[in-house]
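Reviewing the structure listed below.
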Amino acid sequence: MLSKRDRILEAAEKIVVLNGFDGLSMQLIAKEAGISAGTIYLHFTCKDDLIISLREKVITTISQKVLGGIKSENSSWDNYRIVWFNILTLAKERNADQLSFEQYLKIPGTSDEKSNEYEKLLFSPLYDLYQKAIIKGEVIDVGINYLIALSLESAVALARYLRRDAIEYDAIQLNEICRLSWRAICVNK
C-alpha cells in the first residue's frame, strides 16, 4: 500500500496527464488521493514543493527505465544499444496515469540548476558509459553531453515518431539506425 505522500504524488501526476498543469489544484489532488486538502500540507509546504517532488518522481522512473539492463561488464556498445532501445521502449509505453518524457519537460523548473544536478546523479551510469568509452579510445572526446546529443538524440527523435504512430517499429531498420548512431561518435568508423 502506498504512503499518503506517494498517493498525493500519483494523484497529482494523473491530474497533470489528464488536465495539464493549469488543471492542477490542491482540491483536485486531495479528491483524487482520497484525502483532505489539509493533509497535502503535512507532506508538502506548498504547490511548488509538490511539483518539485512530482518532477523528481517522474525523472527517477524515466531514468530507471532508460538505464535498465546496463551492466559494468558489458561492452560500451552493448550498454549503448540497451539504452538506445530502452528509449524506444519507453516511448511505446502508454500509461494514462503517468507523465511521458515530453510532459516531464513541461513541468515548471525542469531546467533549473538543482534539477539538472539531480538528473546528472540519476543518469550517472550513462555518463560513466560514455566516459569509459572515451578512456578506451572508442569514441571521440568532445564532451559527454555532445556525445549524447550526437548519438542518443536519434533514439529520442524516433521515440517521438513511434509514440505518435508516425512510423512503424521495424526492428531491422532500428537496429541499423542504432548502429549508425553509435558509429557517428566512434573514433574508428
Side-chain angles (χ1 to χ4, degrees), residues 6 9 13 51-95 98-189:
D6 289 339
L9 288 172
E13 185 173 8
I51 289 172
I52 289 167
S53 294
L54 175 61
R55 184 175 60 233
E56 289 175 354
K57 173 190 177 295
V58 171
I59 197 61
T60 299
T61 300
I62 289 170
S63 70
Q64 290 168 346
K65 290 179 179 182
V66 167
L67 300 173
I70 66 171
K71 298 176 186 156
S72 58
E73 64 269 13
N74 287 353
S75 69
S76 301
W77 157 247
D78 287 338
N79 278 334
Y80 173 81
R81 188 175 183 287
I82 289 167
V83 169
W84 201 90
F85 277 97
N86 284 349
I87 292 169
L88 297 185
T89 300
L90 183 61
K92 291 190 309 180
E93 289 181 4
R94 304 219 192 262
N95 188 332
Q98 291 184 329
L99 290 169
S100 68
F101 185 70
E102 290 87 3
Q103 290 169 313
Y104 165 77
L105 293 174
K106 294 176 185 172
I107 297 175
T110 53
S111 61
D112 67 20
E113 189 174 329
K114 186 177 176 190
S115 293
N116 290 337
E117 288 303 315
Y118 186 69
E119 286 181 23
K120 269 188 166 178
L121 177 67
L122 288 175
F123 285 94
S124 62
L126 180 64
Y127 285 86
D128 292 346
L129 181 161
Y130 282 99
Q131 189 61 45
K132 287 176 186 174
I134 290 169
I135 290 167
K136 290 180 180 178
E138 297 171 332
V139 300
I140 56 177
D141 186 1
V142 294
I144 293 173
N145 287 332
Y146 290 114
L147 290 172
I148 290 170
L150 282 168
S151 57
L152 288 179
E153 286 297 324
S154 59
V156 173
L158 287 166
R160 281 194 290 272
Y161 284 119
L162 286 167
R163 188 170 189 82
R164 294 190 314 254
D165 295 322
I167 61 172
E168 288 185 36
Y169 191 97
D170 181 328
I172 294 170
Q173 282 193 4
L174 292 172
N175 270 303
E176 182 63 13
I177 293 166
C178 177
R179 188 183 64 77
L180 290 170
S181 69
W182 175 253
R183 285 188 59 203
I185 62 170
C186 284
V187 171
N188 298 319
K189 299 175 188 205

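One-based numbering along the sequence shown.
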**Asked** For the atom pair CD1 (Ile70) and CG (Asp128), what is the distance rounded to the nearest 0.5 Å?
**Response** 8.0 Å
**Request:** Check Ile144 against Gln131 and note the closest heavy-atom contact, atom names and distance.
**Result:** CD1-OE1, 3.4 Å
**Request:** Quick one: sort the Tyr80 and Tyr130 rings into parallel, tilted or perpendicular, breaks at 30° and 60°.
**Result:** perpendicular
**Complete:** Shortest non-hydrogen pair, Ser63 vs Leu122, comes out as OG-CB, 3.8 Å
**Request:** Without swapping roles, check the side chain of Asn79 against the backbone of Lys71 for a donor-acceptor pair under 3.5 Å.
**Result:** yes
**Complete:** When rounded to the nearest 0.5 Å, the distance separating CG of Leu129 from OG of Ser75 is 9.0 Å
**Prompt:** Do Cys186 and Trp77 have side-chain heavy atoms sitting under 4.5 Å apart?
**Reply:** no
**Fill in**
Between the CD1 atom in Ile177 and the CG atom in Asp170, the distance rounded to the nearest 0.5 Å is 8.5 Å
**Message:** If you define the side chain from C-beta out and look only at heavy atoms, does anything of Trp182 sit under 4.5 Å from Arg81?
**Reply:** no
**Heavy-atom closest pair, residues Glu138 and Ser76** = OE1-OG, 2.6 Å
**Request:** Look at atom CD of Glu153 and say whether more than 12 heavy atoms of other residues, nucleotides or ligands are closer to it than 6.0 Å.
**Result:** yes
**Side chains of Ile52 and Glu56 in contact at under 4.5 Å (non-hydrogen atoms)** = yes
**Request:** Could you tell me the separation between the CG atom of Leu90 and the OG1 atom of Thr61, rounded to the nearest 0.5 Å?
**Result:** 10.0 Å
**Prompt:** Between Trp84 and Ser154, does any side-chain donor sit less than 3.5 Å from a side-chain acceptor?
**Reply:** yes
**Request:** Compare every heavy atom of Ile140 with every heavy atom of Val187, then report the nearest pair and how far apart it is.
**Result:** CG2-N, 3.7 Å
**Request:** Not counting sequence neighbours, which residues clear side chain to side chain donor-acceptor pair (under 3.5 Å) with Glu176? List them please.
**Result:** Arg179
**Prompt:** Which atoms form the tightest heavy-atom contact between Ala159 and Leu88, and what is the distance?
**Reply:** N-CD2, 3.7 Å
**Item:** Nearest-0.5 Å distance, CG of residue Leu9 to CD1 of residue Ile51
**Value:** 11.0 Å
**Prompt:** Heavy-atom distance under 4.5 Å between the side chains of Phe85 and Asn175, does that happen here?
**Reply:** yes
**Prompt:** More than 12 foreign heavy atoms under 6.0 Å from CD1 of Ile172: is that the case here?
**Reply:** no
**Prompt:** Are any non-hydrogen side-chain atoms of Val66 and Leu126 less than 4.5 angstrom apart?
**Reply:** no
**Prompt:** Taking everything shown except Tyr169 itself, do over 12 heavy atoms lie less than 6.0 Å from its OH?
**Reply:** yes
**Asked** Nearest heavy-atom pair of Ile82 and Gly69: which atoms, and what distance?
**Response** CD1-O, 3.4 Å
**Prompt:** Is the closest side-chain heavy-atom distance between Asn86 and Lys65 below 4.5 Å?
**Reply:** no
**Prompt:** CD1 of Ile185 to CG of Leu147: how many Å apart, nearest 0.5 Å?
**Reply:** 5.0 Å
